[in-house]
Amino acid sequence: MLVALILALLGVLLLAPPLSTHPRTPSLAAAVCVGMGAVVLSGQLKLLDMATGLWAQDAATEFAQLIVLAATLIAITLQRDRPQDAVAPGALVLAAASASALASATHALTAIGGELALGVTLAITLKPVGQRINGLLWAGGAGVIVTAVGAVTLGWVTHGAGLDRVAIDAQALPRGPLLAGAGILVCLGLSPFSLLLPGGVWLGRSRRIPAALLAWILSVLPVVGILPCWRLTRSLHELEAVIGGEWRTILAAVAVASLGVSTWQALRQRCLRRMWCWLGIGNAALFAFGLAAGTEGARIEAALAGHACASLIGHSGAAGVLTMAEGWWGGNTRLQRFVGLGQRNPFLGVSLVGFLVLLSAVPFTAGFFPKLHLLLAGMSGGLTWLVVLLALGLTWVGLIGLRTARILFHVRDKGRPEPLVGSPGLTLLVGLLGCAALALGVRPLTVAWGY
Amino acid sequence: MTKQHPAQALCARLQIELPVVQGGMTFGSDARLVAAVSEAGGLGTLGTFHYRTHARIVEEVEAIRAATERPFAVNVPFFEQSESLVERLALESQVRCFALGGWYSARVAELTLSYESLRLDLREFRRVAYGSQRRGFRWIEYRAWIPQLGVSYFLALDGLGAALTCLTQLIALLVIGGVRRGSDARRQFILLLCLQSGLLGVFLSLDAVLLFSFWVLLLLPAYLTVATGRGGPERAGSALRFVIPHALSTVGLLVALGALALHAPDGPSFNLLALAEVAAREGFSPDLQRLAFVGLFAGCAVRLPLVPVHGWLGALQEHAPAPASAMIQGAFVKTGVFGLLRFTWPLCPDVVTSPGVVTVLGVIAGVTVVFAGLASLGRRRLSRLLTSLTILHGGLFVFALVSLTPASLSGGLLLSVTHGIAAAGACMALGMLRRRGVERLPHCAGLAHSAPRLALVTSGLFLTLALVPGGGAFVGGLLALYGSWQSGLIEPWVAPWVIGGLLMSPAAVYLLLQRFWARGGDLPRGELRAAEASVITPALVLSVFLGLHPRLLLDGVHTWLHGFLELLTA
């Protein structure tokens, strides 16, 4: 919450004139900041602490906030090369603050509050770039309403709505916690911020979100959106003897279906940015699968953390190349434009292929070991057939990456094409992210996965 | 760079300060002396011969640990219970250094190879592993990689790996020599080298995750070299048809290996040797073995390729650039052979020796051979003829494998290696013919008169592939059939079909030769140039040489072969 508070204050400072480039947003943003600050302060001072607590600053929250910070910094860096598409840094920082607040929510009410704040700040962030936000608002509104219903049920059953306290009164109401837990799990899981389908369809249908902002959304939202679910599943694990393990199968099936549909959508796209967007939505489903696959005996936190790192690297790196491509071709990122990129700028061609295949489980990249860990956890948890389907989905993601590689490395028969020169700063960023992807692929333990 | 003094190297190796190693000194050493020597910077060594029980030795080791945190060794002379003592001290007391008094055994080698928790540096036991008659591994490199998942960096070379590694290197040499200069030559070089590295990784890996990683990674350069090279007009489509079945088959492979690893008795382990030991001694459950066998066999069957998952090869051969198809037909398909021998058979011993599965596999092999033989007779394109011969070899290899006799396995391996060399040469020869406008059988008319050397070498390569006497494939095929007959595992009615299928391929090649030597070719074709000859002639010479001197290969795989059979019959 401290990080959220600092980010919120920073957002206000950056939005205040004359730093702001968007005159209509400061007042609303300032109101959100003040509101968030109040909530944060109340949490710090335990003013609104109901029986179960509202926020937690545990290792998971810290990790999520680190991801948020890194993604925000990278997005701001990427935006420097596309000032015409840039959103106000303050709005982005505010969105980061909301995301941090959501990550630390341990109560259904604070989760709803975090979702509301994130929805509003995302709307503020997206509106100036011309993105229609109706889908987000509808999806967000519906998500918040069903989450609230789930929270009320949870509160009724457990005399409080703490996400990690569902076990209370389990014996008295053996089906109650299942209903409440599964209800809120699905509600949170399908909210627009975990990017599971159908809740995440608003992002797949988006057309104008710049690459830098898209990378931020794809890296941050699944992590912070799934954290309340993760807290809930920890208490559901303790209850499995009472409520059974059906919820795990349901959640895993939703995740696999989400991956399958989004991968199918990605295959249909002719625009690289939208294809990547759908691939990112599919990749986000692995967080939910991880929640379902993890058990008390086989913890998957390390795998989820590794997956979050891999997503951040992959999405940010791809955004770096796409931002340069938007600069070369006036915002046009249709696949046909990329024919021969591997010949015109081999480094960026190889990098883009690397970041795309990183989203599948290609070995020696950051995405491999976390996914392997998730698949093994699923198999040891009895989800073998869903694991097979998930592996097939990931294979399909890899094939899409290969198809893109063929386009990028297609040889033009007519002479030698003109080389494309990328921005030095972005090229350096892409190179660093590529090195990080390889380092995490080869040494997942020593670099960032020490558990 | 200055060379390190041996004493310094010893100190660094044993993590001691002074190059002083105390002798075991039976009756003369105890915990106090050992701890004192270690504290002084040397390597204290505990003699054990005078202790009557293992429990007493363990107590003494604990006393040393209580007195010092520095390294020390335990001297274990050879007596009846030495192996179990080493095992207990290593596993329970975490002793890292042993003075084995001049004796080694297969059990100590197994300990170092099987138990990752030992963290023993395998370099210390290289001599042991090398001397192990049953395994015969050399150049062992072992590091724990992801201990939580049971994944290790484990590379070693045995007879099987050595044969296929040499084959890969040889083919890579020929193929890279045959890449045409042009705008995309550099990229082709890079992709072919990546493909070669991936193949070597597969053939050297003894950890399932490492092997799987290389297995999957191979697909990227293979796909790109086909899809973006200067091949036929439909190369992109054929590359896609190539990569889709391979990628899908890796799912089965991953699930099978993961399921077996999760059922290892000491927690998850992807160590292939340890898993094979478990399969041979304790055995995985029948259901698990069946599930694993389906996944593993499917993964390898696509690579070989066997009927009905052979479709990718024809399109690829027709449209891929010659170097890419040579690398794929010569070495890439051998990963299927390797997979069957390295993990499919050893990890599912009960399944592969059950009569029902043997019959089914025999039928699959028979159908593959007959199909390929018939298809070779009906081919009108040279590339398709070569494809049929490759499929035929895959079927015959499986036929040899299910028989599980030394003769059939030797024959199968000889067949595979010879096929790899000859097929790579034939692919390069077809590329040369394609550049001369010869792609279909009718175009071959009179080739022997306009380009006699090219016709001669091409004929030789195709004859070798068709198992005509004189080539290594003939000897391999003969051994395979003899071994199958010897084993009696295959149903008697399968063998005639296989032999019938085998006889069709020479017929198809004779028809080709007839075209070569016939009159009536109307196009002047260029003769084989020196650079071209340097690519395909060595392939012909080697494949014939293996037929004349098969022991060159068979002696090299002898140790591995006996270890393999012993493991399956344990």
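So that the names make sense, note that chain A is the first sequence line, chain B the second, and so on, each numbered from 1. Below, each value reflects all heavy atoms present in this structure, side chains not excepted, and no hydrogens, waters or symmetry copies.
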If one checks every heavy atom of B/W145 against chain A at 4.5 Å, the contacting part turns out to be both
Heavy-atom closest pair (A/P444 atom, B/I146 atom, distance to 0.1 Å) is CG-CD1, 3.1 Å
Smallest heavy-atom separation, B/V209 atom then A/F369 atom, equals CG1-CE2, 4.0 Å
Nearest heavy-atom contact between B/V216 and A/P363 is CG1-CD, 3.8 Å
| Can you find a pair of side-chain heavy atoms, one from B/L217 and one from A/F368, that are under 4.5 Å apart? | no
Separation between CG (B/L210) and CZ (A/F364), nearest 0.5 Å, reads 5.5 Å
>> Would you say that more than 12 heavy atoms from the other residues, nucleotides or ligands in this model lie under 6.0 Å from the CD of A/E62, or not?
In response: yes
The reported gap from CZ in A/F409 to CG in B/L224 (rounded to nearest 0.5 angstrom) is 7.0 Å
Okay, B/L220 and chain A: the region with an atom under 4.5 Å from a heavy atom over there is both
Closest non-hydrogen contact found for B/G258 with A/L376 is CA-CD2, 3.7 Å
The interface call for A/L375 against chain B, heavy-atom contacts under 4.5 Å, is side chain
### Message
Can you confirm whether more than 12 heavy atoms, excluding those of A/W264, are under 6.0 Å from its CH2 atom?
### Response
no
Are B/F212 and A/L372 side-chain neighbours, meaning at least one heavy-atom pair lies under 4.5 Å?
no
Output for pair (A/L402 CG, B/L240 CG), nearest 0.5 Å, gives 8.5 Å
